[in-house]
Number of protein chains: 2
Amino acid sequence: MPDRSGRGDRRAVPTSARATIYDIAAEAGVSSATVSRTFGAPAKVRPDTRRRVLDVAARLGYRANPLARALPSGRTSTLALVVPAITNPHFFDIITGAEQRAVEAGFTLVLANTGQSDLSEAAAIERLEPMVDGVMLASSRLDDDRIARFADRTNLALCNRQAGRIPSVTTDQVNGIEQVVGHLHSLGHRRIGLLGGPETSWAGRLRRRAVVAAGGRLGVTVQLLGPFNPIVAGGQSAADAAIGAGVTAVLAHNDLLAIGVLRRLADRGVHVPGEMSVVGFDDIFGADFCVPALTTVAAPSHELGRTAVDLVLASVAGQPVPASTVLPAHLTVRESTGPAPDSRTAPGQSRWRTQSAQTLPPGSR
Amino acid sequence: MPDRSGRGDRRAVPTSARATIYDIAAEAGVSSATVSRTFGAPAKVRPDTRRRVLDVAARLGYRANPLARALPSGRTSTLALVVPAITNPHFFDIITGAEQRAVEAGFTLVLANTGQSDLSEAAAIERLEPMVDGVMLASSRLDDDRIARFADRTNLALCNRQAGRIPSVTTDQVNGIEQVVGHLHSLGHRRIGLLGGPETSWAGRLRRRAVVAAGGRLGVTVQLLGPFNPIVAGGQSAADAAIGAGVTAVLAHNDLLAIGVLRRLADRGVHVPGEMSVVGFDDIFGADFCVPALTTVAAPSHELGRTAVDLVLASVAGQPVPASTVLPAHLTVRESTGPAPDSRTAPGQSRWRTQSAQTLPPGSR
DNA sequence: TTGAAAGCGCTAACAC
DNA sequence: GTGTTAGCGCTTTCAA
């Protein structure tokens, strides 16, 4: 004798057992299969019986149990988003975009924060993978092989990362870099620094190559500095390194780091952009109201999140998935970049103190 | 004839069917129940058989199917966090805290963003509730009755909100307000404005009462302004209203609004804190590097998230849950508050221009 | 169009 | 300790 009410005493509260398709079937005088079809494939049910079932269901306050539904079908209508650092506003926007798109498509978003470690990232995927229909990996720190292996057994999409032929959505880092270096070059900078982030950052590696290439083309010397922790606190050593390197402009791994650099520079009495220009990446919340407002390569973060979801959704639906979507980046010039000190290439604009950063003894202010 | 491999062609990829407890049972020469016990209640299995099962499981790469596990047991090891505005950094911190605690406890966090509307909030709960063991509601816009009804059928905890006897974690708004009003009073302010947020905000209502009370006690006149949209953009009209009201200091509903007020005030040429002091709530990312740096009532956001999870975890475990946890708020004084214009109560500190805000014609700069 | 029945992978009595 | 046996609530052939 099936006990369909033995659930109430395990959970904290539920007293009234929830209605199942069997309850509805009994009430409506149909089989449970018909009830199931009414919700899963309404077209296969004659309109009037469908009506009847729906009425009873409404009266009983029926709501399908997603777990029970997922077990035989294998589809959970849930997607997982794995991010390395939920504290970075850039990921906030990605999350928001992903969440919106997921909900639109009738999916639920599960979030996993992995804290920059590839171990916990793998663990998170491992844990989530069996309970979701697909997973989006943002700025994954995993190596290509590992990613490929995950892609082998689940619907995967990459965000801010490319790996083999796995569906991905990224911003056009190369073009973004070209815009920045061009911008800086036109302001008279001939010696710039790249403040690197984690070595495992795919975008970081890509940018490094792009900066060197663009610099070579334009006659701009590029100093590779770092790696630095890509958070505000990391700006301290990054700024010090920049000063030590004698560059007139720096490209920070991301806006968080750039903001940290701005603060350290202010503490050390180095004027931005008078003595040093600073550029970030992402255009996060706060980039427009820090002081000076940050010039940055804006990433379409929201769109990144949405697109990543679209990618795995297509894969879930068995549709062909474009291997790689590249979204445009665009340079947002604000107040943290200006003519290079002593610049003669931007005549009439060198209104800044001309004491150049190079000449500052390391610890001076 | 059970088909234990008919799963591969429905999903996009999985070629090798995943091992089940039956596969292990067969290999290890035990029953499926023993395998189940090995993982669910290892103490009930003799050490050597346990070993054998574990070995086979490892060899087969067995990982339990959480869905199948959840169906009979009714426990999904998943928690849902419902937030009104994921774009508010305050909630990021809450999310981070909640996520960490959840993972520590072996739970997965599902996130739902409801966009300030009580309709979508209810819908989100409705949707998530059947697939999670409990839900945390942050800054819920729902009325007490509705919340009580949800609490009736699921393990619920409130964050930034109190309602009846439902477990909740909040910050001590009243004390926070007292600190702010005291701070402002000691700086010579005698006429302050409260820039209200959504009418449905529980914290907002609480603060309103507290401000009026504290003001009355200290002889500070309080102007209730608003409601305003609690985002940066809302700061525009809020700032204008503050200027129009002739107050010398304002308490913004949250930091987002306060930052917007700061910007608008700067645009209109009103000096902060010289002509107007501004206080926010939450102490979000950016509050320390906006200009002037924001004086704010810091909420232990991270802790809020953690505690909310603890609350529902206790409830899930059937343990007694404290009805209401109140975390201390503390005033973080930065640069956006200073002596009131024309103040004589803070002698020697009124070094600011004394043109008071009141005298500014509405549209002037 | 509808129903019967066999699972989905796992848990949890209940026996042995 | 371990095995047997019912389910959990739903989907999905296969017949009728």
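Just so it is clear: chains get the letters A, B, ... in the order the sequence lines come, proteins before strands, and each one is counted from 1.
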Taking atom types as they are modelled, is there a donor-acceptor pair under 3.5 Å from the base of C/dC10 to the side chain of B/Tyr22? yes

Please give, in whole Å, the distance from D/dC10 C1' to A/Arg18 CZ? 12 Å

Got a list of side-chain donor-acceptor pairs under 3.5 Å for residues 97-111 of chain B, not counting sequence neighbours?
| from | atom 1 | to | atom 2 | distance (Å) |
| --- | --- | --- | --- | --- |
| B/Glu99 | OE2 | A/Asn113 | N | 2.9 |
| B/Arg101 | NE | B/Asp310 | OD1 | 2.6 |
| B/Arg101 | NH1 | B/Glu104 | OE1 | 3.2 |
| B/Arg101 | NH2 | B/Asp310 | OD1 | 3.2 |
| B/Glu104 | OE1 | B/Arg306 | NH2 | 3.1 |
| B/Glu104 | OE2 | B/Arg306 | NH1 | 3.3 |
| B/Glu104 | OE2 | B/Arg306 | NH2 | 3.3 |
| B/Thr108 | OG1 | A/Arg127 | NH1 | 2.5 |

Nearest whole angstrom, please: distance from the P of D/dC8 to the CZ of B/Arg75. 18 Å

I'd like to know if A/Glu126 and A/Arg153 make a salt bridge, using a cut-off of under 4.0 Å between side-chain N and carboxylate O. yes

Say whether, by atom type as modelled, one donor and one acceptor occur between the side chain of A/Thr49 and the main chain of A/Arg46 under 3.5 angstrom. yes

Looking at DNA chain C, which of residues 61-70 of chain B put a heavy atom within less than 4.0 Å of it? B/Tyr62, B/Ala64, B/Asn65, B/Ala68, B/Arg69

Short heteroatom pairs, N/O only, protein and nucleotides 2-5 of chain D, under 3.5 Å:
| from | atom 1 | to | atom 2 | distance (Å) |
| --- | --- | --- | --- | --- |
| D/dT2 | OP1 | B/Arg46 | NH2 | 3.3 |
| D/dT2 | OP1 | B/Thr49 | OG1 | 3.3 |
| D/dT2 | OP2 | B/Arg46 | N | 2.7 |
| D/dT2 | OP2 | B/Thr49 | OG1 | 2.9 |
| D/dG3 | OP2 | B/Ser31 | N | 2.9 |
| D/dG3 | OP2 | B/Ser31 | OG | 3.3 |
| D/dG3 | OP2 | B/Thr34 | OG1 | 2.5 |
| D/dG3 | N7 | B/Arg37 | NH1 | 3.4 |
| D/dG3 | N7 | B/Arg37 | NH2 | 3.1 |
| D/dG3 | O6 | B/Arg37 | NH2 | 2.4 |

Gap between atoms CZ and C1', on A/Arg51 and C/dT2 respectively (whole Å): 19 Å

Donor-acceptor pair, A/Thr200 side chain versus A/Arg141 backbone, under 3.5 Å? no

Does the pair A/Arg51/A/Asp55 count as a salt bridge with the N-to-O cut at 4.0 Å? yes

For the pair made of CE in A/Met131 and P in C/dG9, what is the distance, rounded to whole Å? 17 Å

Using modelled atom types only, decide if a donor and an acceptor are shared between the side chain of A/Thr307 and the backbone of A/Glu303 within a distance under 3.5 Å. yes

Please determine whether a side-chain nitrogen of the Lys or Arg among B/Asp144 and B/Arg161 lies less than 4.0 Å from a carboxylate oxygen of the Asp or Glu. yes

Keeping the roles fixed (side chain from B/Thr76, backbone from B/Met131), state whether a donor-acceptor pair exists under 3.5 Å. yes

Whole-Å distance between D/dG9 P and A/Phe39 CZ? 16 Å

d(CG, A/Leu71; P, C/dA6) in whole Å: 18 Å

